[in-house]
Number of protein chains: 2
Amino acid sequence: MNKSSRHLAIKQIIAQRPIASQEELCDALGKAGFEVTQATLSRDLKELGIARINAPEGPRYVLHHQSEERRLQSVISYEVERIDANEVMVIIRTLPGRAPGVASFIDSLQHRDILGTLAGDDTVLVTPSSTKKIRNVLQYIKDALIARAA
Amino acid sequence: MNKSSRHLAIKQIIAQRPIASQEELCDALGKAGFEVTQATLSRDLKELGIARINAPEGPRYVLHHQSEERRLQSVISYEVERIDANEVMVIIRTLPGRAPGVASFIDSLQHRDILGTLAGDDTVLVTPSSTKKIRNVLQYIKDALIARAA
DNA sequence: ATTTCACTTGCATATTTATACAGTTTAATG
DNA sequence: CATTAAACTGTATAAATATGCAAGTGAAAT
């Protein structure tokens with residue numbers, strides 16, 4: 001369980017539901033198999049450009065694009081916010097404007113189970129060769145995008 | 001020196017130069033003629049939707065656009081022409097060139113059943129977390145986009 | 001194998017932020 | 001005027017976050 005995969009996990013968790021404190025994030029990560037302390041999370045959030053906003057409904061962590069955008073452009077994993085799938089395709093959420101770059105990268109992998117990609121501004125659709133391949137493709141993409149982080 | 005003029009002052013100060021802590025903001029406000037305590041600033045920042053981001057150069061307060069996003073709701077409904085769905089996704093037709101804005105707005109709603117959106121020029125594709133959620137998502141989007149028409 | 005260096009992490013704690021509570025002010029009402 | 005309620009703020013402190021330091025790990029160099 002290395003840092004970059006934990007970072008992806010953090011981004012996915014905070015995108016999925018409101019996280020109000022680092023303690024809470026710590027618990028959520030624990031359940032996902034990442035045992036870390038609050039101190040580490042404080043550092044992670046800083047590296048990821050995640051901010052704690054004070055919504056009327058309570059505090060919550062969110063990816064803050066303004067700070068995120070300044071980071072190294074060449075590192076794909078920093079551009080990816082979330083990777084998900086339904087029954088028919090994989091959807092990758094990226095920072096604004098980064099979808100084409102991420103899609104192009106995936107295309108270059110020339111994986112047999114990937115028919116093609118379609119990129120908008122901050123979203124990439126990945127179409128599998130068959131809906132039965134969805135799980136494979138999802139995992140493959142996660143691995144591929146994380147591996148480049150190191 | 002009432003609260004709203006202080007709020008305006010706060011927004012101006014944080015826009016002009018990096019403010020790293022509420023103490024620092026307190027000093028800056030003091031020089032501008034607003035004598036308040038850190039406790040009050042904590043409340044002010046919450047009301048204004050200002051977040052503390054962790055830039056590599058150090059922490060800093062910024063207006064968080066996510067809280068601004070809600071103000072746009074009333075405009076959105078005029079840009080949407082049609083909302084439909086098939087078995088797999090929701091399609092929104094908009095006025096020419098308005099799709100990215102509408103997609104961005106839908107993203108900001110952060111609904112758990114919406115994996116992502118993809119915008120072209122006048123068309124937005126909305127991908128549900130599962131095809132089983134299509135009906136929910138369709139209804140949700142209609143409510144969110146059209147209900148504001150009044 | 002040993003050394004060195006860069007990177008990562010936890011612990012303990014300093015720093016910063018949020019909030020319970022009480023006091024003050026303002027405005028509205030009987 | 002007296003009374004009540006709501007809004008605002010400061011004090012004190014609770015809660016949350018950031019960080020100095022030391023330890024651990026792994027890769028590259030000698």
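Every value quoted in this text rests on a predicted model; they were computed, and no experiment measured them. In what follows, every chain begins at residue 1, and chains take the letters A, B, ... in the order their sequences are listed.
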Would you indicate what [X] reaches in the nucleic acid, counting non-hydrogen atoms under 4.0 angstrom: base, sugar-phosphate, or nothing?
X      : result
S42(A) : base
E35(A) : sugar-phosphate
R52(A) : sugar-phosphate

Do T117(B) and D107(B) have side-chain N/O donor and acceptor atoms under 3.5 Å apart?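 On atom types as modelled, these side chains qualify, holding a pair under 3.5 Å.
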
Cut-off 3.5 Å, side chains only: do E87(A) and S130(B) have a donor facing an acceptor? yes

Spacing between [X] atom [atom1] and [N] atom [atom2], to the nearest angstrom:
X      : N       : atom1 : atom2 : result
R6(B)  : dA7(D)  : CZ    : P     : 15 Å
E47(A) : dT19(D) : CD    : P     : 12 Å
F34(B) : dG10(D) : CZ    : P     : 13 Å
I19(A) : dT17(D) : CD1   : C1'   : 16 Å
L45(B) : dT16(C) : CG    : P     : 15 Å
D44(A) : dG10(C) : CG    : P     : 9 Å
I53(B) : dT17(D) : CD1   : P     : 17 Å
K3(B)  : dA6(D)  : NZ    : P     : 16 Å

Of the options R60(B), R17(B), K31(B), which is the one that meets E24(B) in a salt bridge (charged side-chain N to carboxylate O under 4.0 Å, His left out)?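 The salt bridge (charged side-chain N to carboxylate O under 4.0 Å, His left out) with E24(B) is passed solely by R17(B) among R60(B), R17(B), K31(B).
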
Just to confirm, is there a sub-4.0 Å distance from OP1 or OP2 of [N] to any side-chain nitrogen or oxygen of [X]?
X      : N       : value
N2(A)  : dT8(C)  : no
K46(A) : dT19(D) : yes
T40(A) : dG10(C) : yes

As a quick check of understanding, evaluate side chain to side chain contact (heavy atoms under 4.5 Å, CB included) for T131(A) and M89(A), giving each step before the final call. CA-CA 7 Å; T131(A) 54; M89(A) 49 183 53; over 6 Å; no

Rounded to the nearest 0.5 angstrom, the CG-CD distance for L29(A) and Q12(A) is 11.0 Å

Side-chain donor or acceptor of Q38(A) under 3.5 Å from a matching atom on the base of dA18(D)? yes

What's the closest nucleotide to the side chain of [X] if the choices are [options]?
X      : options                   : answer
Q22(B) : dA18(C), dG10(D), dG10(C) : dA18(C)
Y61(A) : dT11(D), dC11(C), dT17(D) : dT17(D)
R43(A) : dT17(D), dA18(C), dT9(C)  : dT9(C)

Of V36(B) and P59(B), the one whose nearest nucleotide on DNA chain D sits closer to the 5' end is V36(B)

